[in-house]
Amino acid sequence: LGAAKKVRGALIVIEGLDRAGKSTQVSRIAQSITAKTIKFPERTTPIGKMIDSYLGKMSEMDDHAIHLLFSANRWEKVDEILRSLDDGQHVICDRYAFSGIAYSCAKGLSHDWCRSPDVGLPLPDLTLFLSLTPEVAAQRGAYGEERYEVVAIQEKVKTILSQLGSETNVGPWQTIDAGQDIDKVTEDCLAEVKKAIDSVQLKGAPIGKLFT
Ligand code: ADP
Ligand code: 2DT
Ligand code: MG
């Protein structure tokens, strides 16, 4: 008697600017659908510690070098992501390769160059882009002290990030109005997440590869 094949979990990505409500929604969605969560950058690994030091302005680094470290920080979690999905567990990522491209492009690196180290990462079954106007973001408090937490960079990042959903082979992409009441944002996110999970279960397709 062959055991029924276990359906894989869904890979969900939450993207958006600083203070869009990503971490809030990631934890709410994870609780609702019982998922594993991964935050990028994952600051506790040796690579993550270098990134943390850079973001905290304790160290300087060439723009290309730090870009590659952010990407390597995703690649070092791929095995764990794939094993969880295989095991039937859903995985939700707080930021992913799209943040990688947007922040480095905002500094002037070429789009093609920025994209290449992330080619082949697990393809999200859904990316939720939490979209917020700078005015509403400003009402959520002052920026912190970290690198990139300045209006000029955030504006550029917003423009680039909001265009990434129309690129090829990024997987399903939904923009969510993150300026709404917290519960309404969660409701909108969960509606999309449930559709994505149903689609994964219906198709039974293996996880894809980003940008390929
Ligand atoms: P991010 O992870 O995108 O930087 P957070 O989830 O940390 O954002 O939220 C940033 C701040 O905004 C927190 O103080 C949080 O409580 C608040 N916040 C999150 N979502 C909303 C919302 N929909 N309306 C008002 N405030 C919110
Ligand atoms: P938070 O920890 O507050 O989310 O901020 N970043 C992130 C990049 O420049 N490249 C990347 O690949 C990723 C994942 C965005 C982390 C900061 O790091 C930036 C803000
Ligand atoms: Mg956060």
Side-chain angles (χ1 to χ4, degrees), residues 13-31 37-45 47-59 61-78 81 92-109 111 113-119 121 124 127-158 160-161 164 176-190 210-211:
V13 166
I14 313 292
E15 283 282 8
L17 292 183
D18 196 62
R19 293 180 304 184
K22 296 181 299 302
S23 300
T24 303
Q25 299 301 331
V26 163
S27 96
R28 284 168 161 235
I29 298 165
Q31 219 166 27
T37 63
I38 299 182
K39 174 152 185 6
F40 289 117
E42 157 39 7
R43 303 186 192 215
T44 64
T45 65
I47 293 169
K49 283 177 184 152
M50 287 194 263
I51 293 172
D52 185 58
S53 158
Y54 173 81
L55 288 172
K57 300 176 192 163
M58 265 101 69
S59 59
M61 221 177 301
D62 174 80
D63 292 341
H64 302 81
I66 187 66
H67 182 81
L68 294 174
L69 288 184
F70 273 113
S71 178
N73 185 235
R74 284 183 280 281
W75 280 106
E76 64 182 344
K77 299 297 278 185
V78 165
I81 292 172
I92 309 180
C93 298
D94 186 338
R95 295 193 189 272
Y96 202 55
F98 310 108
S99 277
I101 295 172
Y103 284 79
S104 292
C105 274
K107 292 192 287 187
L109 298 192
H111 184 279
W113 190 89
C114 289
R115 201 173 177 271
S116 50
D118 288 314
V119 171
L121 278 177
T127 296
L128 294 173
F129 172 52
L130 302 189
S131 177
L132 195 68
T133 64
E135 292 76 28
V136 178
Q139 289 165 10
R140 294 189 182 170
Y143 288 120
E145 293 292 306
E146 287 210 323
R147 205 181 288 266
Y148 304 144
E149 294 181 342
V150 289
V151 176
I153 293 180
Q154 299 278 329
E155 292 286 351
K156 283 188 194 163
V157 169
K158 184 182 165 70
I160 300 163
L161 209 46
L164 290 177
I176 301 286
D177 177 2
Q180 308 174 94
D181 165 88
I182 293 194
D183 291 336
K184 181 62 168 60
V185 177
T186 306
E187 191 186 316
D188 287 3
C189 288
L190 279 175
L210 183 65
F211 300 139

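First listed ligand is number 1; within each ligand, the first listed atom is number 1. Only a predicted model underlies this, so the values are computations on that prediction, with no experimental measurement involved. The basis for the numbers below is simple: all heavy atoms, side chains too, and nothing from hydrogens, waters or symmetry mates.
From the protein, the heavy atom lying nearest to atom 8 (O) of ligand 1 is Gly21 N, 3.1 Å. Of the protein's heavy atoms, Ser23 CB, 4.2 Å lies nearest to atom 7 (O) of ligand 1. When only non-hydrogen protein atoms are considered, atom 4 (O) of ligand 1 lies nearest to Arg19 N, 2.8 Å.
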* For the pair Ile182 and Arg28, evaluate side-chain contact (heavy atoms from CB on, under 4.5 Å) and give the outcome as yes or no after the intermediate values. => CA-CA 10 Å; Ile182 293 194; Arg28 284 168 161 235; 3.1 Å; yes

* Asked: Going through the checks in order, is the side-chain contact (heavy atoms from CB on, under 4.5 Å) test met by Met61 and Leu69?
  -> CA-CA 10 Å; Met61 221 177 301; Leu69 288 184; 3.5 Å; yes

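Residues Gln180 and Val185 approach most closely at O-CG2, 3.5 Å, considering heavy atoms. Taking both residues in full, the closest heavy atoms of Tyr54 and Arg147 are given as O-NE, 2.8 Å, listed atom of the first, atom of the second, then distance. Across all their heavy atoms, Lys39 and Ser23 have their closest contact at CE-OG, 4.4 Å. Nearest heavy-atom pair, Cys105 versus His111, reported as atom, atom and distance to 0.1 Å: SG-CA, 3.6 Å. Closest approach of Pro117 and Ser71 over heavy atoms only: O-OG, 3.2 Å. Closest non-hydrogen pair, Ile160 versus Ala106, comes out as CD1-N, 3.6 Å.
At least one N, O or S atom of Ser23, from either the backbone or the side chain, sits less than 2.8 Å from the Mg ion (ligand 3).
Comparing Arg140, Gln180, Lys22, Gln25 against atom 27 (C) of ligand 1, the shortest heavy-atom distance belongs to Arg140. The heavy atom nearest to atom 15 (C) of ligand 1, considering only Asp183, Thr24, Leu130, is found in Thr24.
Ring geometry, Phe98 versus Phe211: the interplanar angle exceeds 60°, so the pair is classed perpendicular (tilted spans 30 to 60°). Taking the six-membered ring where the residue is Trp, Tyr148 and Tyr103 present tilted rings, their angle falling between 30° and 60°.
In this structure, atom 20 (N) of ligand 1 has protein heavy atoms in its sub-4.0 angstrom surroundings. Proximity of atom 13 (C) of ligand 1 to the protein is not indicated, since no non-hydrogen protein atom lies closer than 4.0 angstrom.
Contact analysis puts Leu17 in contact with ligand 1, with a non-hydrogen atom separation below 4.0 angstrom. Ala20 counts as a contact of ligand 1, since one of its heavy atoms falls under 4.0 Å from the ligand.
Contact check for Ile14 versus Asp94: no side-chain heavy atoms found under the 4.5 Å cut-off.
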What are the atom names and distances for all N or O pairs under 3.5 Å between ligand 2 and the protein?
residue	atom	partner	partner atom	Å
ligand 2	2 (O)	Lys39	NZ	2.8
ligand 2	2 (O)	Arg43	NH2	2.8
ligand 2	4 (O)	Lys39	NZ	3.0
ligand 2	4 (O)	Arg95	NE	2.7
ligand 2	12 (O)	Arg74	NH1	2.8
ligand 2	12 (O)	Arg74	NH2	3.3
ligand 2	12 (O)	Gly100	N	3.3

